[in-house]
Trainee: 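Have a look at this one.
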Amino acid sequence: MLTIDGLKEALRNAQSEIEANKDTLTDLDRAIGDGDHGINMSRGFDAVSTILNEDYDSLGALSKKVGMTLMAKVGGAAGPLYGSAFVKAATAFGDATEADFSLVKSALEEGSASIKARGKSEVGQKTMVDVWEPFLTDLSESDDFTEKLDRLVKDTEDMKATKGRASYFGESSRGTIDPGAMSSAIILKAIMKEVD
Amino acid sequence: MLTIDGLKEALRNAQSEIEANKDTLTDLDRAIGDGDHGINMSRGFDAVSTILNEDYDSLGALSKKVGMTLMAKVGGAAGPLYGSAFVKAATAFGDATEADFSLVKSALEEGSASIKARGKSEVGQKTMVDVWEPFLTDLSESDDFTEKLDRLVKDTEDMKATKGRASYFGESSRGTIDPGAMSSAIILKAIMKEVD
Amino acid sequence: MKKLIGEANELVSQMVEGMVHAHPDVYGRIEGVNVICRADGAKSGKVGLVSGGGSGHEPAHAGYVGDGMLDAAVCGEVFTSPTPDMVLEGIKAADGGNGVLLVVKNYAGDVMNFELAAELADAEGIKVDHVVVADDVAISNKDDRRGVAGTVFVHKVAGAAAASGKSLEEVKAVAEKVASHVRSMGMAVEPCYMPVSGKPGFDLNEEEMEIGIGIHGERGVERKPTTSVDSIVDDLLDHLKQEVEPGEVAVMVNGMGGTPLSELYVTYHFVAKKLEDAGYTLKRKYVGNYMTSLEMHGFSITLLPLDEEITTYLDAPSAAHGFKI
Amino acid sequence: MKKLIGEANELVSQMVEGMVHAHPDVYGRIEGVNVICRADGAKSGKVGLVSGGGSGHEPAHAGYVGDGMLDAAVCGEVFTSPTPDMVLEGIKAADGGNGVLLVVKNYAGDVMNFELAAELADAEGIKVDHVVVADDVAISNKDDRRGVAGTVFVHKVAGAAAASGKSLEEVKAVAEKVASHVRSMGMAVEPCYMPVSGKPGFDLNEEEMEIGIGIHGERGVERKPTTSVDSIVDDLLDHLKQEVEPGEVAVMVNGMGGTPLSELYVTYHFVAKKLEDAGYTLKRKYVGNYMTSLEMHGFSITLLPLDEEITTYLDAPSAAHGFKI
Ligand SMILES: Nc1ncnc2c1ncn2[C@@H]1O[C@H](COP(=O)(O)OP(=O)(O)O)[C@@H](O)[C@H]1O
Ligand SMILES: Nc1ncnc2c1ncn2[C@@H]1O[C@H](COP(=O)(O)OP(=O)(O)O)[C@@H](O)[C@H]1O
Ligand SMILES: [Mg+2]
Ligand SMILES: [Mg+2]
Ligand SMILES: [Mg+2]
Ligand SMILES: [Mg+2]
């Protein structure tokens, strides 16, 4: 079950993981982008951490607030993508104050769909979509979430980017992990950890 | 005796010495000036070397042409200083086609006076004047010109500059030879070598 | 990395404050938001023109705010597109009741954030449309092309059209005409440094340069040994000439922020000679820093085919500090 | 060292050609000489205004040629003052029959070469006078002070006075008034590189900056650890405030060529705040690249006390590309 406090805890953990990996995220983005992903995510999750002190009636209300906050603070491509993911997940969470595995999964599926729609992107383009979509496909409660997410992140390394800034470099985008894939894995791991 | 061909030879030697020391002159000027003295002198003496192929009626005519050429090609502070030195020396040489030691000395004294007048400078300010003036003071035919000039150049190293760009650095102008002192010694050595 | 700044995370707000303080006759600021609008507010009846994006491209975009050009510029963090709520503030500040046109550079982040803002504005009853600029020929796939210095021509032309009283549809049409024809390509010999991380966009050794760079510190599509600007210009023009037919053009030699103006004029000297030899007529010429990338040392060349309408709008008066006419 | 140039020894002539080609409506060129004059020639009856010096300071000095400012700019080799014959060409091009004023920066080379040129012009029957600018407070001995960014204010004010039909004596008087009151001081975090030798003006490590630099790549009078621009501004203002009384001033935050405009506005933000706190009224503000030192990364601050005459002349129209009003 994921409770409101559980989701808050997940987001706090995501924030500290992003902080710990800020330079790595930035360096990955420096290699195949514009070198701001760690800075953007850290700014956004700093803002998220401050709204976690408030009270929320439902998982939906919390998730929506998180989405709006990310949208208003992250900027760049990641801002609207993560922002709309949490806003869309909120519609699935609705008024629920706790969510079982299957509700969490559908909320994340809404999020994933919204990233693809906003980003006009598909699996295989070396973006965060390459974590979200395959992670949720056939996801079962007994999976080793961390192992699966780590593998998906690693899989982006060899891909050739065809979406986002990394696509400018064509073949030479291979060899570097997609920064958005890495930040996505951090967030998804933190959430899955609280679904018990 | 310094003949017209002798002065031409002196100027050719000065040119190749300046070329050989271009980087040194520039580096000295980089340390206590604006890093162009070698470039300026090289541009000027390149131009001088082309006018040496012409015929001249007198030492005065040649010296004047050299002065005008330096004035029009060197630029910076060194251009008008060396330019007027040769133009003023020309008045001392006059119509003579050859000059003995004492005529050469008076011509150079005219040059030295003209540098001081144009530059509003005195001995002891860490400029080319610190070579010209003390070199000519009590100069006798039996002197070791090279040794004397080298010593005067070296003497500028410890001086504190109070004139020209080096003066901006006050005390920290000490420790570097004045670039104009060095180029002056090159020119004077070349000329003295032809007075035999 | 050395930066002449205070706290890195206050860079954009301090820059905006500086701009407004320095030029209060031209610039106004929306309290608490990094949006620069016109000192005299939205002009009633005029189509509003809004642009923006990440900061670090100065004078773009705030330098193009002023009579005859933009009505508002939204200043995101350095190289990070601004958020929808910020863009919405810009739209509101520019709205004179006859609709607002957004000039957006073709980056996923810019496009998404400006689109989201347009949806919000729409919900508030403001008529908003947008045009996307994608002029960078360094990227072969046209859909992925970045918006770079050519965007400034879109600002100028659309700004003059709006100032002359055209409708939103008309302003959009001429903006689209410029956007669809303008082409640019850039290069750099030295990278820029991100203010927060302190890191360069790419690492070059003494003998290398990047061809086909973007304006966010991204490395180019090709790394080559440095050479005379004469042949660098050949290289960039080879790409541009494939997409712009000989004829009357406006040409811009744009500095990336750390390039001496002397080098830009030397570069222009070669650009002009080569284009004229190839049958182009350089009817309008612009040399300077128009769309920069912090202190990057490099330049871009932009070509815009001219017709009478575009030429007239390019020449129309502008009070913008970055494009004063 | 990476330069976007062709042959280093053709840099100045190619730059001049580029400038004239890009802006033929404003600039003319004296054939074969690196002198830029006005496209429409000397204005009969108007006092001619000539400046110049070494190149590498762009837009100074050629960028200030145009209606309302200079009539000719003499472009020496990079950081090397031009020769008397070149200056003479500039004087002739600017002579409209009512005399010519030379604006000279206080460097031994500039002073000597311009004086020699004035002697030559005098011999040809042209009435010539000159004013020497020595605004750099980094040098304590007033006679040795360098002419730096404050020179641009002398160009602007004297240019407007000349355009308004004043006599040579009157133009000189107002030029002297500006020159005697204007004060500047600069700093750099990165040096510039000489195009011919390829060498930097000074070598700094990652943690150092130079305070009190000149505009020819000279190192500063003091080397310090780098710090926030906030306290760098304090440092420079401490010197300037000793020589300029609180009151109405024009302030210029001038980039050294390789400084992003964003940093200049952040710098200005601090300058404005501190000056206002100290009782100065910033009546006119200028932020940008006015008197540069190739790609040097740094800035200078200039203060000019204002009276009505100077203010009016500062605000008068100017067609010069570097100071368009
Ligand atoms: N169109 C898109 N669809 C999905 N994800 C995208 C898209 N564009 C970018 N991304 C993701 O966003 C990440 C970059 O985010 P960030 O660096 O914050 O923004 P920006 O690229 O604007 O600087 C990429 O690594 C990628 O995972
Ligand atoms: N006022 C002066 N009087 C005498 N010599 C001077 C004076 N000013 C400069 N010099 C000499 O000129 C040299 C510098 O020449 P150069 O570098 O070519 O000119 P600039 O200083 O204009 O760059 C100095 O080393 C000094 O010897
Ligand atoms: Mg990024
Ligand atoms: Mg020198
Ligand atoms: Mg970005
Ligand atoms: Mg010099």
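A, B, ... follow the sequence lines: proteins, then strands. Residue 1 opens every chain.
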Trainee: Atom CZ of R29(D) and atom CD of E31(D): how far apart are they, to the nearest 0.5 Å?
Mentor: 6.5 Å
Trainee: Under 3.5 Å, is there a donor-acceptor pair between the side chain of Y290(D) and the main chain of F153(D)?
Mentor: no
Trainee: Against chain D, work out which of G258(C), P260(C), A22(C) has the most heavy-atom pairs shorter than 4.5 Å and name it.
Mentor: A22(C)
Trainee: Salt bridge or not for K3(D) and E295(D), using N-O below 4.0 Å?
Mentor: yes
Trainee: To the closest 0.5 Å, what do you measure between CG (L237(C)) and CG (D235(C))?
Mentor: 9.0 Å
Trainee: Heavy-atom cut-off 4.5 Å, strictly under: side chain, backbone, both or neither for L282(D) against chain C?
Mentor: side chain
Trainee: Side chain of N254(C), backbone of M291(C): donor and acceptor closer than 3.5 Å?
Mentor: yes
Trainee: Tell me, out of M296(D), E208(D), M209(D), who's got the most heavy-atom pairs with chain C below 4.5 Å.
Mentor: E208(D)
Trainee: Which bit of T259(D) comes within less than 4.5 Å of chain C, counting heavy atoms only: side chain, backbone, both or neither?
Mentor: both
Trainee: Any ion pair linking R219(C) and D203(C) (charged N to carboxylate O, less than 4.0 Å)?
Mentor: no
Trainee: Between H155(C) and S51(C), does the side-chain hydrogen bond (donor to acceptor under 3.5 Å, both in side chains) criterion hold? Intermediate values first, please.
Mentor: CA-CA 8 Å; H155(C) 294 162; S51(C) 191; 2.9 Å; yes
Trainee: Who among S228(C), S262(C), A62(C), G257(C) has the most heavy-atom pairs with chain D under 4.5 Å?
Mentor: S262(C)
Trainee: By a 4.5 Å heavy-atom criterion (distance strictly below it), what part of F270(D) contacts chain C: side chain, backbone, both, or neither?
Mentor: side chain
Trainee: Is there a donor-acceptor contact under 3.5 Å from the side chain of K156(D) to the main chain of A316(D)?
Mentor: yes
Trainee: Roughly how far, to the nearest 0.5 Å, is CG of L70(C) from CD1 of I36(C)?
Mentor: 11.0 Å
Trainee: Quick check on the interface: out of T267(D), T227(D), L4(D), who has the most heavy-atom pairs with chain C under 4.5 Å?
Mentor: L4(D)
Trainee: Do you know which of E58(D), E263(D), K285(D) has the most heavy-atom pairs with chain C at a distance under 4.5 angstrom?
Mentor: E263(D)
Trainee: At under 4.5 Å between heavy atoms, what parts of residues 5-20 of chain D are in contact with chain C? List them by residue number.
Mentor: I5(D), G6(D), L11(D), Q14(D), M15(D), E17(D), G18(D), M19(D)
Trainee: With only heavy atoms counted, which part of H321(D) is less than 4.5 Å from chain C, the side chain, the backbone, both or neither?
Mentor: neither
Trainee: Could you tell me which portion of K273(D) (side chain, backbone, both or neither) has an atom closer than 4.5 angstrom to a non-hydrogen atom of chain C?
Mentor: neither
Trainee: Can you find a heavy atom in the side chain of V251(C) that is under 4.5 Å from one in the side chain of K283(C)?
Mentor: no
Trainee: Which atoms of P59(D) come close to chain C, meaning under 4.5 Å heavy atom to heavy atom: side chain ones, backbone ones, both, or neither?
Mentor: both
Trainee: Any side-chain heavy-atom pair from H57(D) and L294(D) closer than 4.5 angstrom?
Mentor: no
Trainee: I'd like to know which of V266(D), V271(D), T292(D), N289(D) tops the heavy-atom pair count under 4.5 Å against chain C.
Mentor: V266(D)
Trainee: Does anything in residues 184-193 of chain D get under 4.5 Å of chain C by heavy atoms, and if so which residues?
Mentor: M187(D), V189(D), E190(D)
Trainee: With distance as the sole criterion, is a donor-acceptor pair present between the side chains of Y286(C) and H23(D) under 3.5 Å?
Mentor: no
Trainee: Does G76(D) offer a backbone N or O that forms a donor-acceptor pair with the side chain of S55(D) under 3.5 Å?
Mentor: yes
Trainee: Decide yes or no for V196(D) and M194(D): does some side-chain heavy atom of the first lie under 4.5 Å from some side-chain heavy atom of the second?
Mentor: no
Trainee: Hey, could you give me the CZ/OH distance between F299(C) and Y268(C), rounded to the nearest 0.5 Å?
Mentor: 14.0 Å
